[in-house]
Participant: 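Before I ask anything, let me first share the structure, which is written out below as structure tokens.
Note that ligands are numbered from 1 as they come in the structure, with each ligand's atoms numbered from 1 the same way.
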Amino acid sequence: MRIQVLIPLPLDGPYDYLVPTGMICAPGDFVTVPLGRRQVTGVVWRAAADREAPPKLDPAKLKSVTARLDAPPLAPVLMSFVDWVAAYTLAPPGSVLALVIRAPDALEPPRLRTAYLAGAAPPARLTPARQRVLDVLLDGLPRTAAELAQEAGVGSGVVKGLAAANALTTVSRPVDLPFPEPVADFVELKLSPHQADAAKAMRAAVAEAQFSVTLLDGVTGSGKTETYFEAIAAALESGKQTLILLPEIALTVQFLDRFAARFGCLPAVWHSEISKAMRRSTWRAVATGRVRVVVGARSALFLPFPDLGLIIVDEEHEQAFKQEEGVIYHARDMAVVRASLGKLPIILSSATPSLETLTNVHQGRYRRLVLPRRHAGATLPTIEAVDMRRDKPEAGSWLSPPLVTALRQNLTKGEQAMLFLNRRGYAPLTLCRHCGHRMKSPDSSSWLVEHRSLNQLVCHHSGFSMPKPKACPACGAEDSLVGCGPGVERVAEEAARLFPDAQITVMSSDTVRSPGQAQDILERMNRGEIDLLIGTQMIAKGHHFPGLTLVGVVDADLGLGGGDLRAAERTFQLLAQVAGRAGRDQRPGRVLLQTYMPDHEVMEALVAGDRDVFFEAESHERAALGLPPFGRLAAVILSGPDAGGVERAGRALARAAPLAKGVNVLGPAPAPFALLRGRHRHRLLIKTARSINLQAYLTAWLSQVAPPSNVRVTIDIDPYSFL
Ligand code: ADP
């Protein structure tokens, strides 16, 4: 018999193999097969006879499957999912399969440990210690030597002695860690009427066990998490597995505590930083259905759930769900696909849903549940714009008089405040006062950012860093290099000058290097040990600080520059999230946005608290331009070590683009970061009507052109990053 085996490598498709007589292989089985001189793991994808045309390969040259592995087979739905994601992203199916096999050692048979049962006859010499060991074994459960010694309160020598005297029977037992079972009704929360209505609808969707998409659209602090916990409870009650996707690992820690408080134990966790042993145990426990709830980053979407009954995507608008390297995919969108293939409900949760999701709601494809009010009577904060053209900060400062006054009042009242600036370091640009030279990264087209705490100039794109030189490298003038503009470090310096008695803490990826450090800051904040928290987007989302009543946004205009089609949407979402940190408990919150564009639609919508008006205007604009979600978009990025070669390849590719109605090919143009980690980059954008099969167009086009071998071509369907 002949089968096709998909190998988790970037090959063009499954390869044919023969099944040796006596071996039985079915689709989904994990197997070892020879590939060149290596033995590799793969998955039986289908019987070769399924294919229409027989392969041209001489059957005599076909190699045989080496072994079938003792691992739970991949469910048909997961195989369809791999094929679907590959076809959509135009990634090799093997590369997508590699996302499924992220714990290759989980495919090996579970490691066994020696354990003991009582033997047929007691030993000739029966000491009290030996008797205690035998007593422990009366219940008939196998125990390891260490467990036995501990339970019987004897030294391990006693157990060994018994074994040597043939008074114990040896058995093997798997070492895999057990996972605790979340309890659906461990704690039942009293829900508000709005929460209860939403929870009821979501429970019904779980009970229906059909594909459905629900947007849980609740203002910041409305208790979305508590509400969708009810859907998880319903899945637990019906014996189904649940997957919860979070955009960032940093958000997991707080989430785990809340989960444990509701369900009595921690869920399984899946992200890039868990240990290898944990990865193995978790993968296997998911595959065998022993894990009921997994919370994870986007890669958790590819775990081999045999009995998934619910997917939740929290903070569904987050760009962090877009995987930008390797297989380039959007985890929220692929989660909807996974739910559709598996015929199960999915819940998208956000206070600031994406335009994509809102459009799906308006077009009737997604259902929407609304939580219009904050939990326990807390009110939404008031948001004001500070017109920086009028209320100018003093020279060399970044905080305007109204913001300084508000901060002072807050500190006097003993309430907490937060300053948000989405810029790490001290100053985003270092300039020579003498000749105007700007300090640039040597291998990327970006400015070097001064980090005064490290005394370094750092490239945030490639990680390059160097000490700040004493003399300008261009003109040699000494002490002439000055930092321009503020980063969080500089704002912290100004705040410390203004409020010398305040406890000020900076939270950015430079000051927080582990989840533990983040947790530490959050706990100090909750204990009221921090008066003023200054930070980047790390402080913007998810956190619940009951004592925080004032939020200042240092530069509300920051995200609006550049040619990103989602700049306005993203700025609105980010600022609404930051604003949503204020006044979540008893005392009302106030938010000040420092802006040079108080008339910009984003600022006006935030101040008026009118999300719908903003999204309507944004929809019209995108629809008029045929941009997503009203049209399709793909980016083709060419990169290589030689600038001229990349540019020529880009032009050749553009010339070869087939003419088609409803398809616009834009470019090639140098990417905004035309040089990244030593590679030159040019980009083409392909914009099509929604009715066009973008993937088919790209495949037909790209198959006709062979760029030089030192130019890499990357396809990004639905691009979110335009750098
Ligand atoms: P959101 O995610 O919508 O911003 P959260 O889920 O963080 O809001 O809820 C805000 C706060 O209110 C949290 O501390 C949460 O534990 C609490 N909360 C929400 N709903 C309830 C409820 N029904 N019972 C008890 N506490 C709740």
Side-chain angles (χ1 to χ4, degrees), residues 184-203 214-234 244-248 250-264 267 295 312-318 320 347-354 357 368-381 383 416 418 420 518-519 522-523 525-528 537-549 551 573-589 591 609 611:
D185 57 358
F186 182 75
V187 167
E188 301 235 29
L189 290 174
K190 204 173 147 357
L191 299 179
S192 73
H194 282 120
Q195 288 178 334
D197 284 349
K200 192 170 156 216
M202 289 187 284
R203 273 179 168 276
T214 303
L215 167 64
L216 181 59
D217 182 0
V219 299
T220 53
S222 56
K224 293 184 287 296
T225 315
E226 266 72 15
T227 309
Y228 71 60
F229 275 170
E230 296 312 302
I232 299 175
I244 307 158
L245 291 178
L246 299 182
E248 282 165 50
L251 292 177
T252 337
V253 183
Q254 269 200 334
F255 181 88
L256 295 180
D257 290 344
R258 289 170 73 172
F259 186 93
R262 171 67 181 79
F263 295 109
V295 48
I312 293 166
V313 182
D314 204 347
E315 309 289 359
E316 68 88 26
H317 62 279
E318 277 290 336
I347 296 166
L348 310 177
S349 174
S350 176
T352 52
S354 61
T357 295
R368 172 179 176 191
L369 302 170
V370 180
L371 301 178
R373 278 196 269 289
R374 283 191 160 177
H375 173 65
T379 52
L380 283 169
I383 304 182
Q416 289 173 310
M418 190 163 109
F420 169 72
Q519 188 63 11
L522 303 182
E523 280 168 13
M525 191 72 188
N526 281 332
R527 285 198 300 266
Q537 54 165 341
M538 267 197 162
I539 63 172
K541 310 155 197 172
H543 309 302
H544 182 71
F545 302 126
L548 180 77
T549 53
V551 169
Q573 288 161 339
L574 181 59
L575 296 183
Q577 292 286 345
V578 186
R581 298 314 107 203
R584 289 166 73 95
D585 207 47
Q586 306 299 320
R587 287 160 297 184
V591 180
R611 189 183 85 190

Participant: List ligand 1 atoms under 4.0 Å from Thr225, heavy atoms only on the residue side.
Facilitator: 2 (O), 6 (O)
Participant: Using distance only, find each side-chain donor-acceptor pair of residues 189-196 under 3.5 Å and give its atom names and separation, not counting sequence neighbours.
Facilitator:
from   : atom 1 : to     : atom 2 : distance (Å)
Ser192 : OG     : Gln195 : N      : 3.1
Gln195 : OE1    : Ser192 : N      : 3.0
Gln195 : NE2    : Ser222 : O      : 2.9

Participant: Using heavy atoms and a threshold below 4.0 Å, how should the contact between Lys224 and ligand 1 be classified: side chain, backbone, both, or neither?
Facilitator: both
Participant: For the pair Arg611 (side chain) and Ala351 (backbone), establish whether a donor and an acceptor sit closer than 3.5 Å, ignoring hydrogens and angles.
Facilitator: yes
Participant: Using a strict threshold of under 4.0 Å (side-chain N to carboxylate O), is an ion pair present between Glu226 and Arg258?
Facilitator: yes
Participant: Which atoms of ligand 1 have any heavy atom of Thr220 under 4.0 Å away?
Facilitator: 4 (O)
Participant: Hey, looking at atom 15 (C) of ligand 1, which of Glu226, Gln577, Gln195, Lys190 has the closest heavy atom?
Facilitator: Glu226
Participant: Return the set of residues passing side chain to side chain donor-acceptor pair (under 3.5 Å) with Thr227 (not counting sequence neighbours), or none when no residue passes.
Facilitator: none
Participant: Quick one: CD1 on Ile312 to CD1 on Ile347, what's the gap to the nearest 0.5 Å?
Facilitator: 4.5 Å
Participant: What is the distance from atom CG of Leu522 to atom CZ of Arg527, rounded to the nearest 0.5 Å?
Facilitator: 11.0 Å
Participant: Decide whether an N or O pair under 3.5 Å exists between Gly221 and ligand 1.
Facilitator: yes
Participant: Looking only at non-hydrogen atoms, which of His375, Arg581, Arg258 approaches atom 25 (C) of ligand 1 most closely?
Facilitator: His375
Participant: In terms of atom number and element, which parts of ligand 1 are under 4.0 angstrom from non-hydrogen atoms of Val219?
Facilitator: 3 (O)
Participant: Please state which protein non-hydrogen atom is closest to atom 11 (C) of ligand 1 and give its distance, to 0.1 Å?
Facilitator: His544 CE1, 3.6 Å
Participant: For ligand 1, which atoms sit closer than 4.0 Å to a heavy atom of Ser222?
Facilitator: 1 (P), 3 (O), 8 (O)
Participant: For ligand 1, which atoms sit closer than 4.0 Å to a heavy atom of Leu191?
Facilitator: 23 (N)
Participant: Would you tell me whether Gln577 and Thr220 have side-chain atoms, one donor and one acceptor, within less than 3.5 Å of each other?
Facilitator: no
Participant: List ligand 1 atoms under 4.0 Å from Gly223, heavy atoms only on the residue side.
Facilitator: 1 (P), 3 (O), 5 (P), 6 (O), 8 (O), 9 (O), 19 (C), 20 (N)
Participant: Quick one: which of Glu318, His317, Glu315, Glu316 gives a side chain to side chain donor-acceptor pair (under 3.5 Å) with Ser350?
Facilitator: His317
